[in-house]
Amino acid sequence: MENILNDDYFMKQALKLAERAFEEDEIPVGALVVCENKIIGKGYNQTERLTDVTAHAEMLALTSAFSALNSKYLKECTLYVSLEPCVMCAGALFWSQIGRIVFGASDEKRGYQRINSSIIHPKTEVIGGVLAEESQLLMRNFFQLKRI
């Protein structure tokens with residue numbers, strides 16, 4: 001029997017969080033941290049709501065995960081995020097020593113890989129492009145509404 005708790009399953013959960021951000025007029029990015037097939041942290045962009053430029057989905061999910069594990073390291077965990085992390089989030093992920101990062105769409109303007117792909121911890125496995133089309137569509141729809 002195939003394990004339904006795979007990268008696609010968890011990315012769909014991150015996309016649900018991104019949709020929540022969209023509904024709250026935030027840039028639609030959702031993230032969650034998974035450890036042993038259990039979600040231990042989640043977040044979606046809340047920079048407008050919290051008037052905090054650091055309130056990115058990844059940062060909120062990380063804070064939640066640190067608290068859940070009572071640890072500052074997430075070596076056995078995976079971050080699922082609908083959009084490639086920015087440099088700030090990549091730096092936080094480096095310090096967390098997260099085991100894996102799985103992201104949906106690449107961020108052509110602000111993604112960490114555009115600046116320096118070695119920002120991520122060298123032991124962290126990175127997988128991009130998981131449900132990328134769904135993430136890109138959400139982003140495109142959000143910004144089209146902003147241009148009206």
Side-chain angles (χ1 to χ4, degrees), residues 6-22 24-69 71-147:
N6 58 22
D7 289 346
D8 281 1
Y9 171 83
F10 287 115
M11 186 59 73
K12 285 177 185 170
Q13 304 308 306
L15 283 165
K16 286 179 185 176
L17 291 165
E19 289 167 4
R20 185 166 174 195
F22 186 106
E24 295 182 17
D25 204 29
E26 298 276 0
I27 293 175
V29 178
L32 48 96
V33 177
V34 175
C35 191
E36 297 176 358
N37 283 332
K38 182 180 175 199
I39 298 171
I40 61 166
K42 46 180 149 173
Y44 59 92
N45 275 4
Q46 295 184 50
T47 60
E48 299 299 326
R49 169 193 260 181
L50 300 176
T51 58
D52 178 354
V53 296
T54 69
H56 288 196
E58 301 95 320
M59 302 296 277
L60 298 172
L62 285 173
T63 298
S64 212
F66 296 138
S67 180
L69 293 180
S71 173
K72 62 182 181 177
Y73 299 116
L74 303 172
K75 294 178 184 183
E76 306 300 319
C77 301
T78 299
L79 171 81
Y80 291 90
V81 60
S82 58
L83 185 68
E84 174 188 351
C86 70
V87 173
M88 174 186 69
C89 293
L93 290 162
F94 174 91
W95 290 111
S96 78
Q97 298 179 26
I98 198 147
R100 292 175 73 226
I101 299 168
V102 178
F103 68 86
S106 294
D107 185 343
E108 302 298 326
K109 292 184 179 178
R110 293 183 178 84
Y112 81 91
Q113 293 179 343
R114 306 296 170 271
I115 309 299
N116 185 344
S117 60
S118 66
I119 293 171
I120 298 295
H121 195 279
K123 291 184 179 177
T124 300
E125 177 187 4
V126 179
I127 299 165
V130 176
L131 302 182
E133 289 179 23
E134 291 87 333
S135 180
Q136 288 167 337
L137 181 62
L138 199 56
M139 295 293 282
R140 193 172 16 236
N141 290 344
F142 178 81
F143 286 108
Q144 279 178 345
L145 286 172
K146 292 293 179 194
R147 291 185 191 106

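Bear in mind the structure is a predicted one, so any value in this text is a computation, not a measurement.
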Rounded distance [0.5 Å steps], [atom1] in [X] versus [atom2] in [Y]:
X	Y	atom1	atom2	value
L137	L131	CG	CG	12.5 Å
Q97	W95	CD	CH2	9.0 Å
C86	Q113	SG	CD	12.5 Å
D107	Q136	CG	CD	10.5 Å

For the pair [X] (side chain) and [Y] (backbone), establish whether a donor and an acceptor sit closer than 3.5 Å, ignoring hydrogens and angles.
X	Y	answer
S67	T63	no
E84	F103	no
S96	L93	yes
E26	E48	yes
N45	I27	yes
S82	G30	yes

Step by step, would you call R100 with D7 a side-chain contact (heavy atoms from CB on, under 4.5 Å)?
-> CA-CA 11 Å; R100 292 175 73 226; D7 289 346; 2.9 Å; yes

So, do [X] and [Y] sit near enough that their side-chain heavy atoms are less than 4.5 Å apart?
X	Y	result
L138	F22	yes
M88	Y112	no
L60	Y44	no
L69	C77	yes
K75	K123	no
P28	M139	yes
E58	L83	no
H56	T47	yes

Are more than 12 heavy atoms from other residues, nucleotides or ligands located less than 6.0 Å from atom [atom1] of [X]?
X	atom1	answer
E36	CD	no
E24	CD	yes
R110	CZ	no

Closest heavy-atom pair and its distance - [X], [Y]:
X	Y	result
V102	V130	CG1-CG2, 3.6 Å
M11	G104	CE-N, 3.5 Å
A57	V29	CB-O, 3.4 Å
I98	T124	O-OG1, 2.6 Å

Mind telling me whether F94 and H121 have parallel, tilted or perpendicular rings, with 30° and 60° as the class edges?
->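 H121 vs F94 ring planes: tilted.
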
Pick one: which of I39, V81, T78 meets side-chain contact (heavy atoms from CB on, under 4.5 Å) with L32?
-> I39

